[in-house]
Amino acid sequence: MARRHWLFKSEPDSYSFDDLLAEPDQACFWDGVRNYQARNLLRDEVKPKDRVLFYHSRAKPPHVAGVAEVIEGGTPDWTALDKKSAYYDDKATREAPRWYGVRIRAVRKLEPGVGLPALKDNPALEGMRVVQKGQRLSVQPVDKAHYDEVLRMHKRLAAGA
DNA sequence: GCCAACGTTGGC
DNA sequence: GCCAACGTTGGC
């Protein structure tokens, strides 16, 4: 199956791309997603080798901060069973875990990040979900053409263009 | 910090 | 099963 592309949102104050880089193996389990649409994508669609744009939401400005690779597809998010976790959900059980996550590993940091205003200004990214108003989904599918264009934008930024 | 957009909950 | 109230997200 062809590699697919995604955008994962995270508030850098709670978990940033640098935090991912600081993990053992620069890998983490992407837990805490508590939205059914995003859950379904993590459980059923996001597969090993897929690529992820790691997006910093609620930053100034919001931006794509790095690229990651999926290293394991959907498995239960057991933080839902942990009463001490901020992600605890009393409707989740061991038999019916309800929430899922995937494992990702950092591929590379994008320095500088590609900002949301630039994404919005780029006609080639028309239709990309993250540029649309009110788009809150924290796991979004990304067209390959859009993914490639974001990396080209970063390349131009890094070259000082 | 504000608030629009959106998802979820719960009374009926 | 509708929908108002509520809570959360996330750009600004």
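Naming: A, B, ... by sequence-line order, numbering from 1 per chain. Predicted model, so just to flag it, every value in this text is computed and none were measured.
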(request) Indicate, with a heavy-atom threshold strictly under 4.0 Å, whether A/Lys60 touches base, sugar-phosphate, or nothing. (result) nothing
(message) Any donor-acceptor pair under 3.5 Å linking the side-chain atoms of A/Glu45 with those of A/Asn40?
(response) no
(request) Select one nucleotide: of C/dG11, B/dT8, B/dA4, the one nearest the side-chain heavy atoms of A/Tyr36. (result) B/dT8
(message) Would you say the ring centers of A/Trp78 and A/Tyr100 fall short of 6.0 Å from each other?
(response) no
(request) Answer yes or no: side-chain N or O of A/Arg136 and base N or O of C/dG10 forming a donor-acceptor pair under 3.5 Å. (result) no
(request) Establish, yes or no, whether a centroid distance under 6.0 Å links the rings of A/Trp6 and A/Tyr55. (result) no
(request) Look up atom CG in A/Leu7 and atom CD in A/Gln140, then write down how far apart they are to the nearest 0.5 Å. (result) 5.0 Å
(request) Report the distance from atom CD of A/Gln132 to atom C1' of B/dC6, rounded to the nearest whole Å. (result) 14 Å
(request) Quickly work out the A/Phe8 CZ to C/dG10 P distance and round it to whole Å. (result) 14 Å
(request) Please figure out whether A/Lys133 or A/Arg34 has its closest DNA chain B nucleotide nearer the 5' end. (result) A/Lys133
(message) Quiz question: by atom type and distance under 3.5 Å, do the side chains of A/Arg4 and A/Tyr147 form a donor-acceptor pair?
(response) no
(request) For A/Asn35 and for A/Arg58, locate the closest nucleotide of DNA chain B by heavy-atom distance; then report the residue assigned to the nucleotide nearer the 5' terminus. (result) A/Arg58
(message) Without decimals, in angstroms, what is the distance between A/Gln37 CD and B/dG7 P?
(response) 7 Å
(request) Mind grabbing the angle between the end helix axes of the helix from B/dG1-C/dC12 to B/dC12-C/dG1? Five pairs an end, 10° rounding. (result) 10°
(message) Nearest whole Å is fine: how far is C/dG11 P from A/Leu7 CG?
(response) 10 Å
(request) Answer yes if the side chains of A/Ser16 and A/Asp19 hold a donor-acceptor pair under 3.5 Å, and no otherwise. (result) yes
(message) Is there a continuous path of hydrophobic side-chain contacts, each under 4.5 Å between heavy atoms, that joins A/Leu53 to A/Phe8?
(response) no
(request) Please state whether the phosphate of C/dG10, meaning OP1 or OP2, lies under 4.0 angstrom from any side-chain nitrogen or oxygen of A/Lys9. (result) yes
(request) Quickly work out the A/His63 NE2 to C/dC12 P distance and round it to whole Å. (result) 15 Å
(request) Round to the nearest Å and state the distance from A/Lys120 atom NZ to C/dG10 atom C1'. (result) 10 Å
(request) Would you kindly give the CG-to-P distance between A/Asp89 and C/dT8, to the nearest whole Å? (result) 13 Å
(request) Could you tell me the separation between the CG atom of A/Leu137 and the P atom of C/dG10, rounded to a whole number of Å? (result) 9 Å
